Asks: 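One structure coming up, written as structure tokens, with questions to follow.
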Amino acid sequence: MAEQSNRKDESDELLKRADALLTRMRGAGTPAAGSAAREIPTLTEAAAAQGTDPGIPTLTEIVPAERLPSMPASTGEVISRVQAQNLEHTLYQRLKRDLDQQITQIVKERFMPDIGTALDAALAKISMDVKADINSMVRASIEETLRAQMKNLRKPVDTETAPQEAEAAAGGRASADPSPFAAALAKSYEPAAIEARWYSTWEKNGYFRAGLDESNPQCYCILLPPPNVTGTLHMGHAFQHTLMDALTRYHRMRGYNTLWQPGTDHAGIATQIVVERQLEAEGISRRALGRDAFVERVWRWKEESGSAITRQMRRLGASCDWARERFTMDEGLSAVVTEVFVRLHEQGLIYRGKRLVNWDPVLKSAVSDLEVESEEEDGTLWHIRYPLASGAAFLVVATTRPETMLGDVAVAVHPDDARYQAYVGKEVLLPLTGRRIPVIADDYVDPAFGSGCVKITPAHDFNDYQVGLRHRLEPWPIFTLDARLNDNAPAAYRGLDRYEAREKVLADLKDQGLIAQVVPHKLMVPRCGRTGAVVEPMLTDQWFVKMDSLAKAGLDAVARGEVRFVPENWTATYNDWLTRIQDWCISRQLWWGHRIPAWYDSEGNIFVARTKQEAQARHRQAMLERVRAGVRVTASDLRHDEDVLDTWFSSALWPFSTLGWPADNPALRMYLPSSVLVTGFDIIFFWVARMVMMTLPFTGKAPFREVYITGLVRDAEGQKMSKSKGNILDPLDIVDGIGPEALIEKRTASLMDPRQAEAIAAATRRQYPKGIPAFGTDALRFTFASLASHGRDVKFDLSRCDGYRNFCNKLWNATRFVLMNCAGSDTGIDEQLPVEPSVADRWIVSRLQRAEAEAQRAFREYRFDNLARAIYELTWDEYCDWYVELAKVQLAAGGEARSRATRRTLARVLETILRLAHPVIPFITEALWQKVAPLAGKHGPSVMLARYPEPQREKLDEAAEREIALLKDLTNACRTLRSEMNVAPSQKLPLLIQGDRGRLEAFAPYLVALARLAEVVIVEGPLPAAGAPVSIVGDYRLMLKIEVDTSAERERLHKERLRLEAEIAKAQAKLENRDFIGRAPPLIVAQEKERLARFAATLAKVNEQLQQLA
RNA sequence: GGGUGCUUAGCUCAGCUGGUAGAGCGUCGCCCUUACAAGGCGAAGGUCGGGAGUUCGAGACUCUCAGCACCCACCA
């Protein structure tokens, strides 16, 4: 089926037809329709008309006037390109929101009803998918309008051919009035506006397309773990997709051939269940509908909801090659599935047989071991007496599932168990059935548990099955496929459900006095991961893949290092599973999935073939041979196997089925093995290991070189996000924001258990009283990156998003600053002109080199947290906090060459930062790069096509780094001094510094500006004594020269001095008084002396302070 | 029962081959300084889960104990 690839064509086709219809109606169509249709403008007309044609609504009719940006009057005023871009951008943003709605509205209102209905249906059908196309139509229209507008607005000078002049003219105004360039970027960062604009541009221009240049030896490929086709994007996807997109964009920018292979999975069980529920809601049963109709129905559901997840991925900026999108049930991929099945069967690696499998009685299908999830539940251990056939004695067996006793074929004891040795080989009478069953001895029995006797039910227990095989006991199945008792059970129990049977068995045993003991017991209950039904081991005919040789190859591939896990410790998990693997049950008794390519004749012979024709041919061949051998045969038609394959069977083939295998082609040659698989640990077994095992034998190559295992995304409390817990977050709600009511509505809708709704609503209200603000895609992606450290689950905390949105805002504003100062000015693009880089310029370039090296290492090691940090710190802590501030000083004071160097550095470093950050935050970097790149001498349609910076070690300038470190220290020391001295922020003071005069003279202007000083006074020799504390930084001693108003302080100190002097005088007088000395006790005299000394000391301090203030 | 992680500031987490404990958010104080209040400057806050060992020196290495989380296998 080519539905996927046809979708876009279909949409285009519909649009075209709609357009054609419009044109016809507008033209010489039927008179009635013609007049009505004349009122409906094309988008271009709507945007361009502006009231020129009374028959066509103007822009303001479609969009309320107050929503339109003010347009300059058409008076021949000069408009700069930046202005025009800005105008276009704003206009586009505001229009975009309203237009498609408005158009639909107008169409509805003004079209004749019959056509209207048809078009309505068409619009409704395409509206979602076509949004992007409408966007580009709107864009095109607006571009057209603006071009027309600019013709009127522009001076005769053509800015296209003389951009320097035009920019210079605008730049000249910028110095006096920065508005043109401030306006070039909105005052603050608004993600929605940017994001809407760029994705379609990238996609339209084919930037995501796979590189197929075979002369380039560097190829980079990531396989998207195909999400469920009918699913929606959750936080785990968003997290992993962010990392994959960053990796893809990084390597694309490094010049690799790049492919991010997208696609979706048919997700057999999950999808079938969803559609079955829909049918139930309509009161239709799947079986009543019939297989073909049901499958048809699932396809329809897939068509309706199938693109939801890929639309969401686009919102996150995922740069997949959508043209190569695949679906596991596409014709091509289905053919690969059949081919692989047939080949494996030919090699004897697929077989069919009656085996004990995990059976879901609700789904009525086998499920694989992996799909069974055991959970501890409270149960009971019943001790039941089995009377010996020979006499009055009993053997007591313990069981948690008494109903299965009806299928018992033996009682087992441990061979060394002295208590029971006498009974081995004897028989017991199985209660309720009257069957006689043997007592056997087997190591499997744990004498310490229960009574030491185990009932053996081979047909419904995996361990018992093994015991049965060892002792050649015939299994005695007692359940039907929906877990009711079958005819092997005594008549009284037939038809009962397994739990009803349990009750009845227990009651009957009790009546017969055969229950010896009832003990509460915790046990693990195996449930199907999908339906939650308790799984019943069941003997059924199923298809299996023989795993031993495949597993061996899978283990070897990892051991040889062909596939490497990151972090490495997952290798152990992988190895452990593969060494203990059992044969893989691949048949499912479902309707939605790949039909097993096997046919049966009336005698039950199996013919595995690629097509029915092939199977028939083999059948005829076999019959001929038997006829020749003289066997009588009856002709019969072949019956197709009813079962479908496990979803994971087709997923296991993903690495080569998506690349056009088995046909040799460039993509297969270049992108297998793929570079890295990014996924969660939860599908190492389901998918990762199976891809390794299936890809190796069919292609001789590993499916991927590395497997990066991400953590799981949990909520802020560390809980797993799940619908039933009501703690799910939709990544797009973080991007776009959501109100509290809508969020609660979302979380409580379609709950399995509606009683939880209230608790969830309350918890949600508590946690998000105001809902979730819009953070934008970039902030979300940056957050994911920063949380992606190794070996840890991710507790998703919205406050981190907050921080990273602020980062985006910082980047935005830094760019505004650079544009204000550099746009229209000389940024040193002409290498002939003299430049005079300062130590600050050299420093920031050096820091940039370090950050680039760190980023490169982070990508190599999948340390996205370090990557995010490197970018964050460089941008904020170095570039914005320091370099930009230093640059202000240089621009204010420097000569022409120094200013040119400063602007050059400002622009070039920012431009590099934008490229550096682009893999993580693609949207904002693209928007800003468009403005910054020309200033840095770079040109190109997209930052995506610009090369990622290569770190160049030799450019590290440690001398400059030391100098700036010193300058930072000095600045901080000044700030400390100011705060210690309680100097008002507005107050400027001179700073006295003693130290290397040459350096200080270089630092002085920066210090004056950054530390808000009046001047820097360089002091030879020791610093003069003064009131301020002295700071020491390295070899430098510095102090503020306080010239603040100290009169109040002086007055206070003066008063204090007077008081002290008075006290001292009094004390001295006392001590000089002979009467006092003579009569007072010595202790008192000593005290008085102490007092005097204390006063004297305090007075000395006060005097010192006064002197300092003076 | 087997395995794998984790335990560092109020919260979320960094901390590479052992060498003076870090970031973001939150809190508090002062500033609406001409890119940015989604900002700037500053401050408080930690015997790095407990114990032992190796070492001149341990958040890091070894052992042990405890707690938390997850995976696998299971005793009927």
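Since the model is a prediction, treat every value here as computed from it, not as a measurement. Protein chains get the first letters and strands the later ones, always in sequence-line order, with residue 1 at the start of each.
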Asks: Counting only heavy atoms from other residues, nucleotides and ligands, does the tally under 6.0 Å from OH of Tyr423(A) exceed 12?
Replies: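 Open.
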Asks: Under 4.0 Å between a side-chain N/O of Lys888(A) and OP1 or OP2 of A35(B), yes or no?
Replies: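 For Lys888(A), the contact criterion (side-chain N or O under 4.0 Å from OP1 or OP2 of A35(B)) is met.
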Asks: For a quick test of reading the model: is some side-chain N or O of Lys810(A) closer than 4.0 Å to OP1 or OP2 of G24(B)?
Replies: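 Looking at the OP1 and OP2 atoms of G24(B), neither is under 4.0 Å from any side-chain N or O of Lys810(A).
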Asks: Below 30° counts as parallel, above 60° as perpendicular, anything between as tilted: where do the rings of Tyr708(A) and Tyr862(A) land?
Replies: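 Aromatic pair Tyr708(A)/Tyr862(A) classed parallel.
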Asks: For the side chain of Val454(A), starting at C-beta, report the closest nucleotide among C70(B), C36(B), A76(B).
Replies: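 Of the options given, the side chain of Val454(A) lies nearest A76(B).
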Asks: Would you say that more than 12 heavy atoms from the other residues, nucleotides or ligands in this model lie under 6.0 Å from the CD of Glu376(A), or not?
Replies: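 Check passes, neighbour count above 12.
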Asks: With no hydrogens and no angle check, is any side-chain donor or acceptor of Ser451(A) less than 3.5 Å from a backbone partner on Cys453(A)?
Replies: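 Answer holds: yes.
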Asks: Between Arg580(A) and Asp576(A), does any side-chain N to carboxylate O distance fall below 4.0 Å?
Replies: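 Judged by the 4.0 Å cut-off on N to carboxylate O distance, Arg580(A) and Asp576(A) do form a salt bridge.
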Asks: In whole Å, what separates the P atom of C32(B) from that of A37(B)?
Replies: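 About 13 Å, rounded to a whole number of Å.
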Asks: Can you confirm whether the side chains of Thr457(A) and Asp408(A) place a donor and an acceptor under 3.5 Å from each other?
Replies: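 Present: a donor and an acceptor within the cut-off.
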Asks: Which is true for Val818(A) with a 4.0 Å heavy-atom rule: it touches a base, it touches only sugar-phosphate, or it touches nothing?
Replies: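 Result for Val818(A) = nothing.
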Asks: Could you tell me how far A44(B) sits from U4(B) if I compare only their P atoms? Round to whole Å.
Replies: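 Roughly 43 Å separates the two P atoms.
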Asks: Is the distance from OP1 or OP2 of G39(B) to the nearest side-chain N or O of Asn809(A) less than 4.0 Å?
Replies: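 Checking G39(B) against Asn809(A), no side-chain N or O comes under 4.0 Å of OP1 or OP2.
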Asks: Between Ala398(A) and Phe681(A), which is nearer to the 5' end of RNA chain B once each is assigned its nearest nucleotide?
Replies: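 Its nucleotide being nearer the 5' end, the pick is Phe681(A).
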Asks: Looking at the side chain of Arg580(A), which of C25(B), C41(B), A73(B) is the nearest nucleotide?
Replies: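 Among the listed nucleotides, the one closest to the side chain of Arg580(A) is A73(B).
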Asks: In whole Å, I'd like the distance from the CZ atom of Arg805(A) to the C1' atom of A37(B).
Replies: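 The distance from CZ of Arg805(A) to C1' of A37(B) comes to 13 Å, rounded to the nearest Å.
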Asks: What is the distance, to the nearest angstrom, from the CD1 atom on Ile709(A) to the P atom on C70(B)?
Replies: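 Rounded to whole Å, this separation is 18 Å.
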Asks: Closest approach to the side chain of Phe817(A), judged atom by atom: which nucleotide of G42(B), C70(B), A35(B) is it?
Replies: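 Closest of the options to the side chain of Phe817(A): A35(B).
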Asks: Rounded to whole Å, please give me the gap between CD in Gln466(A) and P in A73(B).
Replies: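 Answer to the nearest Å: 15 Å.
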Asks: When all nucleic acid strands are considered with a 4.0 Å heavy-atom cut-off, which category describes Phe685(A): base, sugar-phosphate, or nothing?
Replies: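 Sugar-phosphate only.
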Asks: Quick one: does any side-chain atom of Asp793(A) pair with a main-chain N or O of Gly711(A) as donor and acceptor, under 3.5 Å?
Replies: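 Pair absent, no side-chain N/O of Asp793(A) close to backbone of Gly711(A).
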Asks: Distance check, P atoms only: C11(B) and C48(B), in whole angstrom units.
Replies: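 Rounded to whole Å, the distance is 16 Å.
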Asks: Will you find, in the side chains of Asp802(A) and Asn806(A), an N or O donor that is under 3.5 Å from an N or O acceptor?
Replies: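 No, Asn806(A) and Asp802(A) have no side-chain donor paired with an acceptor closer than 3.5 Å.
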Asks: Glu376(A) CD to C70(B) C1': how many Å, rounded?
Replies: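 Distance, rounded to whole Å: 16 Å.
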Asks: Given the side-chain rings of Phe449(A) and His521(A), with only the six-membered ring counted for Trp, is the space between their centroids under 6.0 Å?
Replies: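 Yes, the ring centres sit under 6.0 Å apart.
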Asks: Anything under 3.5 Å between a protein N or O and an N or O of nucleotides 10-14 of chain B, put it in a table, one pair a line.
Replies:
from   : atom 1 : to        : atom 2 : distance (Å)
U12(B) : OP1    : Lys795(A) : NZ     : 3.3
U12(B) : O2     : Arg800(A) : NH1    : 3.4
C13(B) : O3'    : Arg792(A) : NE     : 3.4
A14(B) : OP1    : Ser789(A) : OG     : 2.5
A14(B) : OP1    : Arg792(A) : NE     : 2.9
A14(B) : OP2    : Arg792(A) : NE     : 2.9
A14(B) : OP2    : Arg792(A) : NH2    : 3.0
A14(B) : O2'    : Arg869(A) : NH2    : 3.4

Asks: Take the protein atom CG of Leu712(A) and the nucleotide atom C1' of C70(B), then report the distance between them rounded to whole Å.
Replies: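 Going from CG in Leu712(A) over to C1' in C70(B) covers 9 Å.
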Asks: Between A43(B) and A38(B), how far apart are the two C1' atoms, rounded to whole Å?
Replies: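 It comes out at 23 Å once rounded to the nearest Å.
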Asks: Considering just the side-chain nitrogens and oxygens of Trp876(A), establish if one lies under 4.0 Å of OP1 or OP2 belonging to G40(B).
Replies: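 Affirmative; the distance criterion is met.
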Asks: Could you check how far CG of Asn813(A) sits from P of C36(B), rounded to whole Å?
Replies: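 Distance, rounded to whole Å: 6 Å.
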Asks: Pick base, sugar-phosphate or nothing for Asp446(A), based on heavy-atom distances below 4.0 Å to the nucleic acid.
Replies: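 Here Asp446(A) touches the bases of the nucleic acid.
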Asks: By the 4.0 Å heavy-atom rule, please label Asn821(A) as base, sugar-phosphate, or nothing.
Replies: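 Nothing: the residue Asn821(A), judged by heavy atoms under 4.0 Å, touches no strand.
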Asks: Which value, in whole Å, describes the distance between the C1' atoms of nucleotides C72(B) and C65(B)?
Replies: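 Pairwise C1' distance, C72(B) against C65(B), rounds to 25 Å.
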Asks: Got a salt bridge between Glu854(A) and Arg863(A), using NZ or NE/NH1/NH2 to carboxylate O under 4.0 Å?
Replies: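 Answer for the salt bridge query: no.
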Asks: Measure the distance from CZ on Arg978(A) to C1' on G40(B) and round it to the nearest whole Å.
Replies: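 Between C1' of G40(B) and CZ of Arg978(A): 13 Å.
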Asks: Indicate, with a heavy-atom threshold strictly under 4.0 Å, whether Asp682(A) touches base, sugar-phosphate, or nothing.
Replies: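 It contacts nothing in the nucleic acid.
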Asks: How many Å lie between CG on Asn806(A) and P on A23(B), as a whole number?
Replies: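 One finds 18 Å between P of A23(B) and CG of Asn806(A), rounded.
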Asks: Quantified in whole Å, what is the P atom distance between nucleotide C28(B) and nucleotide G10(B)?
Replies: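 It works out to 16 Å between them.
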Asks: Other residues, nucleotides and ligands only: do more than 12 of their heavy atoms fall within 6.0 Å of CD on Glu568(A)?
Replies: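 Result for CD/Glu568(A): open.
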Asks: For Tyr189(A), answer base if it contacts any base atom (sugar-phosphate contacts may also be present), sugar-phosphate if it contacts only those atoms, and nothing otherwise; contact means non-hydrogen atoms under 4.0 Å.
Replies: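 Result for Tyr189(A) = base.
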Asks: Could you say whether Tyr444(A) or Tyr872(A) is positioned toward the 5' end of RNA chain B, judged by the nucleotide with the nearest heavy atom to each?
Replies: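 Upstream on the strand: Tyr872(A).
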Asks: Could you work out the separation of G15(B) and U7(B) based on their C1' atoms and round it to a whole Å?
Replies: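 Straight-line distance between the two C1' atoms is 15 Å.
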Asks: Give the nucleotide from the list A73(B), A35(B), A76(B) with an atom nearest to the side chain of His521(A).
Replies: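 Of the candidates, A76(B) comes closest.
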Asks: G45(B) and U27(B): how far apart are their C1' atoms, nearest whole angstrom?
Replies: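 About 9 Å, rounded to a whole number of Å.
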Asks: For RNA chain B, write out the stems as range with range, using runs of 3 or more consecutive Watson-Crick or G-U pairs with both distances under 3.5 Å.
Replies: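 Output for stems: B:1-7 with B:66-72, B:10-13 with B:22-25, B:27-31 with B:39-43, B:49-53 with B:61-65.
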Asks: Within the structure shown, what part of the strands sits under 4.0 Å from His460(A) by heavy-atom distance: base, sugar-phosphate, or nothing?
Replies: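 His460(A): no heavy atom of the nucleic acid under 4.0 Å.
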Asks: Should the ring pair Phe864(A) and Phe859(A) be called parallel, tilted or perpendicular, given that the plane angle runs from 0 to 90° and is split at 30 and 60?
Replies: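 It falls in the perpendicular class, over 60°.
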Asks: Just to be sure I understand the rule, does Cys808(A) reach a base, reach only the sugar-phosphate, or reach nothing, if contact means heavy atoms closer than 4.0 Å?
Replies: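 If one applies the 4.0 Å heavy-atom cut-off, Cys808(A) turns out to touch nothing in the nucleic acid.
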